[in-house]
Colleague: 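I'd like to ask some things about the structure below.
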Amino acid sequence: MSSATLDARYWDQRYAEGNSPWDIGAPSTPLATFLEGLADKDLRILLPGAGRAYEAEYAHRLGFTQVFPMDLTGAPFEDLLNRCPEFPKEHLLVGDFFAHDAEYDIVLEQTFFCALDPSLRSTYVEQMHRVLKPAGQLVGVLFDSVPNPVGPPFGGSEEEYRSLFTPLFPGVSFARCYNSIPPRAGRELWLKATKPTPYAPIDCNFYDHFEAAATLKEMVTIQLRDGSELQGSIVDLFVREQIEWMRLSDGTEVRLDEVRDLHRPQHG
Ligand SMILES: C[S@@+](CC[C@H](N)C(=O)[O-])C[C@H]1O[C@@H](n2cnc3c(N)ncnc32)[C@H](O)[C@@H]1O
């Protein structure tokens with residue numbers, strides 16, 4: 001464990017000394033790509049531990065209107081305002097993420113989790129769950145690296161992250177990033193954790209299609225309510241904690257009420 005107390009004074013001093021090796025001087029490509037794919041420019045987006053907030057600037061320049069960078073210290077926001085004087089100052093949140101009380105559609109993670117004392121990891125997951133609206137998403141990058149007891153950064157593995165997130169975000173996924181910046185290539189996982197909504201049982205006729213596709217081992221295309229699309233064959237339909245799920249051939253599990261449309265191959 002780091003011997004330093006990772007409070008506002010600690011981070012303030014790091015910025016004052018220019019000791020910020022995490023700062024890549026530009027929006028992280030996985031987050032930039034994610035933002036480019038969002039159509040609704042009025043989504044409320046929080047960036048906790050935003051630092052110099054390149055991703056917030058990028059989102060603002062893309063036309064997002066509700067972007068809220070947050071940091072324990074206001075020092076790095078001076079840099080943001082120098083780069084982008086028109087960024088709405090009333091959206092700059094200086095304070096402790098763990099004491100923050102508001103709701104967002106999206107929370108973006110970028111070297112915030114790994115900068116926190118590891119004893120806060122479960123609380124981080126709980127607080128993320130609290131600040132997200134139902135169906136809201138926490139997305140971003142987590143390092144896939146050996147634990148580093150003298151962080152920050154503290155490191156961690158997919159296995160550890162999965163067991164931390166699954167209780168509150170059962171569908172959480174970690175995919176190796178394909179678009180990391182070169183110095184981080186192969187070391188970043190794309191985190192996607194959606195806050196579950198109360199389950200809305202699906203129509204029987206719709207369910208029959210899932211069952212038929214599973215029985216016939218068809219390759220199907222599944223359109224989800226969040227706009228994303230999945231392909232594969234359904235290998236299992238099951239109920240967990242009174243929620244209906246399907247499992248695809250690649251192991252992905254999807255709640256049935258998250259499915260907007262199921263496309264099956266035409267027969268005959
Ligand atoms: C490693 S830096 C990452 C900054 C930025 N995300 C980046 O990638 O350049 C971690 C940031 O988290 C901030 N931070 C640490 N603990 C925090 C907390 N409890 N609430 C809000 N911000 C915090 C620090 O001040 C620091 O700016």
Side-chain angles (χ1 to χ4, degrees), residues 1-35 45-60 67-84 87 91-102 104 106-132 138-145 147-148 150-156 177 179-185 187-191:
M1 210 86 0
S2 169
S3 55
T5 305
L6 304 177
D7 55 10
R9 221 162 60 164
Y10 169 88
W11 291 106
D12 213 30
Q13 195 172 337
R14 300 244 353 205
Y15 284 107
E17 291 166 352
N19 183 7
S20 50
W22 58 80
D23 188 321
I24 59 176
S28 148
T29 23
L31 274 75
T33 308
F34 172 78
L35 287 166
I45 303 175
L46 176 70
L47 300 97
R52 294 194 178 93
Y54 303 99
E55 291 78 19
E57 176 189 359
Y58 191 66
H60 174 76
V67 182
F68 297 86
M70 169 174 226
D71 207 285
L72 261 188
T73 160
F77 292 161
E78 287 170 25
D79 196 76
L80 167 65
L81 291 175
N82 285 336
R83 299 190 318 266
C84 184
F87 194 94
H91 287 192
L92 300 177
L93 307 176
V94 178
D96 184 358
F97 167 68
F98 293 97
H100 189 49
D101 183 17
Y104 297 88
I106 306 276
V107 181
L108 292 180
E109 165 57 52
Q110 158 78 7
T111 63
F112 174 51
F113 177 90
C114 68
L116 297 168
D117 188 296
S119 64
L120 288 172
R121 287 186 173 182
S122 305
T123 319
Y124 168 102
V125 175
E126 286 163 17
Q127 177 64 357
M128 283 297 174
H129 189 267
R130 206 166 295 129
V131 299
L132 282 168
L138 163 65
V139 294
V141 286
L142 292 179
F143 284 120
D144 183 18
S145 56
N148 170 22
V150 290
F154 291 97
C177 285
N179 52 359
S180 299
I181 57 166
R184 294 183 180 173
R187 296 193 294 126
E188 285 184 323
L189 296 169
W190 181 252
L191 159 71

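Atom set for the values below is all heavy atoms of this structure, side chains included, hydrogens, waters and symmetry mates excluded. Ligands are counted one by one from 1 in listed order, and the atoms in each one are counted from 1 as well.
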Colleague: Is there a heavy atom in Y54 that sits closer than 4.0 Å to ligand 1?
Modeller: no
Colleague: Applying a strict 4.0 Å limit to heavy atoms, is A50 in contact with ligand 1?
Modeller: yes
Colleague: For R83, I'd like to know if atom CZ has over 12 heavy atoms of other residues, nucleotides or ligands within 6.0 Å.
Modeller: yes
Colleague: Give the numbers and elements of all ligand 1 atoms closer than 4.0 Å to a heavy atom of F98.
Modeller: 19 (N)
Colleague: Starting from atom 19 (N) of ligand 1, find the nearest protein heavy-atom neighbour and note its residue, name and distance.
Modeller: D96 OD1, 2.8 Å
Colleague: If you define the side chain from C-beta out and look only at heavy atoms, does anything of M70 sit under 4.5 Å from L47?
Modeller: no
Colleague: How close does the nearest protein non-hydrogen atom get to atom 4 (C) of ligand 1, and which residue and atom is it?
Modeller: G49 O, 3.3 Å
Colleague: Run the numbers for me: atoms of ligand 1, each under 4.0 Å from some heavy atom of T73, listed by number.
Modeller: 25 (O)
Colleague: Nearest protein heavy atom to atom 16 (N) of ligand 1, by residue and atom, and its distance?
Modeller: L72 CD1, 3.5 Å
Colleague: Identify which of D7, L31, D71 has a heavy atom lying nearest to atom 25 (O) of ligand 1.
Modeller: D71
Colleague: May I ask you to list the atoms of ligand 1 that are less than 4.0 angstrom from any heavy atom of L116?
Modeller: 16 (N)
Colleague: Look at atom 20 (N) of ligand 1 and say which protein heavy atom is nearest, naming residue and atom and giving the distance to 0.1 Å.
Modeller: F97 N, 3.0 Å
Colleague: Can you tell me if N148 uses its side chain to pair, donor with acceptor, with the backbone of P153 under 3.5 Å?
Modeller: yes
Colleague: In ligand 1, which numbered atoms sit nearer than 4.0 Å to a non-hydrogen atom of A115?
Modeller: 1 (C), 10 (C)
Colleague: Quick one: pull up CD1 in I45 and NE2 in H91 and give me the separation to the nearest 0.5 Å.
Modeller: 11.5 Å
Colleague: How far is atom 23 (C) of ligand 1 from the closest protein heavy atom, and which atom is that?
Modeller: F112 CE1, 3.5 Å
Colleague: Examine ligand 1 and decide if any of its atoms is less than 4.0 Å from a heavy atom belonging to R52.
Modeller: no
Colleague: Do me a favour and list the nearest non-hydrogen protein atom to atom 15 (C) of ligand 1 with residue, atom name and distance?
Modeller: W11 NE1, 3.4 Å
Colleague: Should the ring pair F87 and H60 be called parallel, tilted or perpendicular, given that the plane angle runs from 0 to 90° and is split at 30 and 60?
Modeller: tilted
Colleague: Taking atom types as modelled and ignoring hydrogens, do the side chains of D71 and T73 form a donor-acceptor contact shorter than 3.5 angstrom?
Modeller: no
Colleague: Take atom CG of N82 as the centre, draw a 6.0 Å sphere, and report whether it contains more than 12 heavy atoms from other residues, nucleotides or ligands.
Modeller: yes
Colleague: Going by the angle between their ring planes, with limits at 30° and 60°, are F97 and F112 parallel, tilted or perpendicular?
Modeller: perpendicular
Colleague: Classify the side-chain pair N179/T33 by whether it contains a donor and acceptor separated by less than 3.5 Å.
Modeller: yes
Colleague: Please answer whether the main-chain N or O of P183 pairs with a side-chain N or O of R187 as donor and acceptor at a distance below 3.5 Å.
Modeller: yes
Colleague: Salt bridge check: are D23 and R52 linked by an N-O gap of less than 4.0 Å?
Modeller: yes
Colleague: What residue and heavy atom of the protein are closest to atom 9 (O) of ligand 1, and at what distance?
Modeller: W22 CD1, 3.2 Å
Colleague: Look at atom 8 (O) of ligand 1 and say which protein heavy atom is nearest, naming residue and atom and giving the distance to 0.1 Å.
Modeller: T111 OG1, 2.6 Å
Colleague: Heavy-atom contacts with G95 under 4.0 Å: which atoms of ligand 1 show up? List them by number with element.
Modeller: 20 (N), 21 (C)
